[in-house]
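Report on the following structure.
Index from 1, following the sequence. Atoms considered below: every heavy atom in the structure, side chains included; atoms not considered: hydrogens, waters and symmetry mates. We count ligands from 1, going down the list as the structure has it; atoms in each ligand are counted the same way.
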Amino acid sequence: MSKMHLQCIRCKKIYELKELYLCDECGGILEVQHNYLGKKDRVIHELLRLPSFNIWKYKNLLPVEDPGHMVTLFEGGTPLIKGNHLSKKTGFGKLYFKDESRNPSGAFKDRPMAVGVSKAKEFGREIVVTASSGNAAASLATYAAKAGLKSYIFIPESTPPGKVSQAFVNGGIIIKVKGSYSNAYAVAKMAAREFHWMNITTTFLNPYAVEGDKTIAYELYHQLDRKVPDWILVPTGAGPLVFGIYKGFTELNFLGLTDKKPRMAAVQAEGCAPIVQAFESGSRKVDAWGTPGTIASAIADPLKGYEQDGELVLEIVHDSRGTAVAVSDDEILGAVFDLAKNEGIYSEPGAAVSYAGFKKLSENNVIKEKQSVVCVITGHGLKDPGSAAENLNIPVIGPDLEELKSHIKL
Ligand SMILES: *Cc1c(COP(=O)(O)O)cnc(C)c1O
Ligand SMILES: [Zn+2]
């Protein structure tokens, strides 16, 4: 007897696993029935195995000293997805997407925030604060809720509404600050000092949060069968994500597990690219950007008042023999659609810039076809659905086949 079949719940008629919706005989509901005994050992093994794949798998490499202080929603352990259609289209056989949209709040920020909030617990702090372009806000509110802490959140006025709502519903106390992200950064810093709150702003301001980003490197090492990719492309705001991933690979190298490090590509939006500007001018000094203008709001960070963050990223780019590149809003939108329509990966604009950067760098022959490439997809498309798809022009019909036919091209 085969391992599975369909059976009608009402008349008990049995079918093989074919395309059938309701029972042919009586219209009853169909259920998949298993011959459990035929595969008992394998099934039991599967049911008993406890896979734990989240950032705390690496707790010995994270700065939380007492495991009792760990605050977790099982962040990390995100899939590495091998390109299929985009691989064929670009000719890159080793093109991968690290899908960080699968984190609890829908963005990679859960890695640094889980560590930052755990540290707040460890320090016995009751109020935490962040400046954010949206994703860190949603993430901090989420982890503060889990930890039972109060969270204050400073965001630019133009923050996408989905992220604001996510932070609000999770209990964050939100205050909008006029101007760019850098103004929110300044207010969070002043407020943390004045009121003695723990500042978990995910620039390089909080040394613990950055450690959470390292875990992406460890995961990639496992997922690529202990091989180091030639290139990693990272959407870059202030840059802790670039720094953290590189630090993780540096540790693996130091521990003797790997014999090389990846080349890091920091990708920014043309409408706010202070790091790329410095890279292209050959300078190791970063000047703050003026007013950002890009749909990639998640990475629109002018670095005003903390230019040294960008300079640290530049150091990593150079040390890794990597690069920094800027992409236009049109290229970013193109990347959002390319990823979604070809691979089923739905990302927000700020998250798709890694793929937009890959396209540009491969077309310019900086990244070559034989090389292995990981694009980090940093946040989910639902975080900011409006910016990629306005005026969709979707038909509305009654429950009528003729009306439907007038809309369908066969
Ligand atoms: C915060 C963020 C980034 C940039 O991260 P940094 O570590 O500040 O460079 C990239 N993508 C998304 C979606 C983000 O939320
Ligand atoms: Zn110092």
*Can a salt bridge be assigned to the pair E219 and R102 using a cut-off of 4.0 Å between side-chain N and carboxylate O?*
no

*So, are K359 and D338 salt-bridged, with charged N and O less than 4.0 Å apart?*
yes

*asked:* On a heavy-atom basis, I'd like to know which of K109, K383, Q268, H380 is closest to atom 1 (C) of ligand 1.
replied: K109

Below 4.0 angstrom from a heavy atom of [X], which ligand 1 atoms are there? Numbered from 1 as shown, please.
X	answer
I299	3 (C), 4 (C), 10 (C), 11 (N)
E348	13 (C)
T236	9 (O)
L241	7 (O)

*asked:* Is there a side-chain contact between K189 and T201 in this structure, where contact means two heavy atoms from C-beta onward sitting under 4.5 Å apart?
replied: no

*Which distance, rounded to the nearest 0.5 Å, do you find between the CD of E211 and the NZ of K119?*
10.0 Å

*asked:* Just verifying a value: how many Å separate I245 CD1 and T215 OG1, rounded to the nearest 0.5 Å?
replied: 9.0 Å

*asked:* Against the six-membered ring of Y96, is K98 placed for a cation-pi contact (under 6.0 Å from the centre, within 45° of the normal)?
replied: no

*Got a donor-acceptor contact below 3.5 angstrom from the R111 side chain to the K214 backbone?*
no

In terms of residue, atom name and distance, what is the protein heavy atom nearest to [atom]?
atom	value
atom 11 (N) of ligand 1	T378 OG1, 2.7 Å
atom 5 (O) of ligand 1	F108 CZ, 3.5 Å
atom 4 (C) of ligand 1	G237 N, 3.6 Å
atom 8 (O) of ligand 1	A238 N, 3.3 Å

*Hey, is CD on E403 packed in by over 12 heavy atoms from elsewhere, all under 6.0 Å?*
yes

_A107 heavy atom under 4.0 Å from ligand 1_ = no

*Got an N/O contact under 3.5 Å between G239 and ligand 1?*
yes

